[in-house]
Asks: 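Take this structure first; my questions come after.
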Amino acid sequence: MPALSHPAGPSVTLSGVAKSYTGVVAVAGVSLEIAGGSFVALVGSSGSGKSTLLKTINRLIEPDAGSIAIGGKDVTRGDRHRLRRRIGYVFQNVGLFPHLTVAENVAIGLKLRGDRGTAGRVEQLLALVDLAPAMAMRMPDELSGGQRQRVGVARALATEPGLMLMDEPFGALDPVTRDQLGTAIHALHDRLGLTTIMVTHDMAEALILADRVLVMAAGRIVADTTPQALLAGEGGDAAQALVAVPRAQMRRLAVLGKEP
Ligand code: ADP
Ligand code: MG
C-alpha cells in the first residue's frame, strides 16, 4: 500500500445557499451540516439542482445567497483557485486531456502548484486506484471507460484533498465496472478518511455506498436520512418514489430466484 498522508476529511456547512438562472430556481436556499469523514449521497431526478448545489461547494458556481464553510472556515470569499486545490472533484466523463499521457493528466494539479519530479507520486496515485505503473505512459483513448474514471479519481486525489466531490462519477459506465469502481471509491474514502459528497440519480448506488442520503427535489433537500431508514420506508414521498425502483427490482429477482 502506498504511503500517502492525507488531512482528515473536513466538515462542510451550507447556510441558506441559493442559486437561480434566468427564470429557473436551481437551488432554493439549502442549509446542511455534513460531518467530517462522512460519505453523503445527493440523489434526485434530473434537473433537481444536485450539480448546481455540489458546484457551489468548490465555487465552480458562485451562489446568489448564503455561505459555505469547510472545516469550520468560511470559504465563500477568498481565492477560489486555492480552495479548489483542497477539494477533489470527479465528474462524469472525467475530462482527461486527450493529448496528455495518463501520468501528465494525474500530475496536472501537482504541476500547477509547482511540484517537480512527480513520477514517484504518480505511481503511488495510480496504485491507489489499482492501476498498474505501465498505465502511466498510455494516452486517455487507450483506456477503457472504467480505467479513465480511475485516472480521474487519481488526479483528484493528487493534491491530497480531504474533501471529495463527485458528480455522477459512474454515469457512463457498464454495471459491473460501476460496481467495482463504487467499491474502490468507498475503500479509498475509508482508508484516507475523506469527506465524500457524491451526486447520483441512482438510488440503489446511494443506498449501497453512502452513510447518509440527501434527496433533492426542485432545488430543496426533501429528505435527509440513512439508507437503513429509507429502506424501512421513511424519508417521505419523494424519497420513497426513488427507493421503489431498487426495491421492485429486488422483489422481481427474489421471485425469479425461486422459480424452478
Ligand atoms: P441536476 O444536476 O439535478 O440534474 P442541475 O443542478 O444541473 O440539476 O440543474 C438544476 C436546474 O437549473 C435545471 O432546471 C437546469 O435546467 C437549470 N440550469 C443548470 N445550469 C444552468 C445554466 N448554466 N443556465 C441555465 N439554467 C441552468
Ligand atoms: Mg447534474
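Hydrogens, waters and symmetry mates play no part in the numbers below; they use all other heavy atoms, side chains included. In listed order, ligands and their atoms are each counted from 1.
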Asks: Hey, does Val129 have a side-chain heavy atom less than 4.5 Å from the side chain of Val151?
Replies: no
Asks: Taking the side chain as every heavy atom from C-beta outward, state whether Leu14 and Leu53 have any pair of such atoms under 4.5 Å apart.
Replies: yes
Asks: List ligand 1's nitrogen or oxygen atoms that come under 3.5 Å of a protein nitrogen or oxygen, with the partner atom and distance.
Replies:
from	atom 1	to	atom 2	distance (Å)
ligand 1	2 (O)	Ser51	N	3.0
ligand 1	2 (O)	Ser51	OG	2.8
ligand 1	3 (O)	Ser48	N	3.2
ligand 1	3 (O)	Ser48	OG	3.4
ligand 1	3 (O)	Gly49	N	3.1
ligand 1	3 (O)	Lys50	N	3.0
ligand 1	3 (O)	Lys50	NZ	2.8
ligand 1	4 (O)	Gly47	N	2.7
ligand 1	6 (O)	Thr52	N	2.9
ligand 1	6 (O)	Thr52	OG1	2.5
ligand 1	8 (O)	Gly49	N	3.2

Asks: Would you say that more than 12 heavy atoms from the other residues, nucleotides or ligands in this model lie under 6.0 Å from the CG of Asp237, or not?
Replies: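 No, the 6.0 Å shell around CG holds no more than 12 heavy atoms from other groups.
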Asks: Are any of the side-chain nitrogens in Arg178 or Asp202 under 4.0 Å away from the carboxylate oxygens of its partner?
Replies: yes
Asks: Check the surroundings of atom CZ in Arg247: do more than 12 heavy atoms from other residues, nucleotides or ligands lie under 6.0 Å from it?
Replies: yes
Asks: Short check: any N/O/S atom of Ser46 below 2.8 Å from the Mg ion (ligand 2)?
Replies: no
Asks: Taking the six-membered ring for Trp, are His99 and Phe97 parallel (under 30°), tilted (30 to 60°) or perpendicular (over 60°)?
Replies: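 Aromatic pair His99/Phe97 classed perpendicular.
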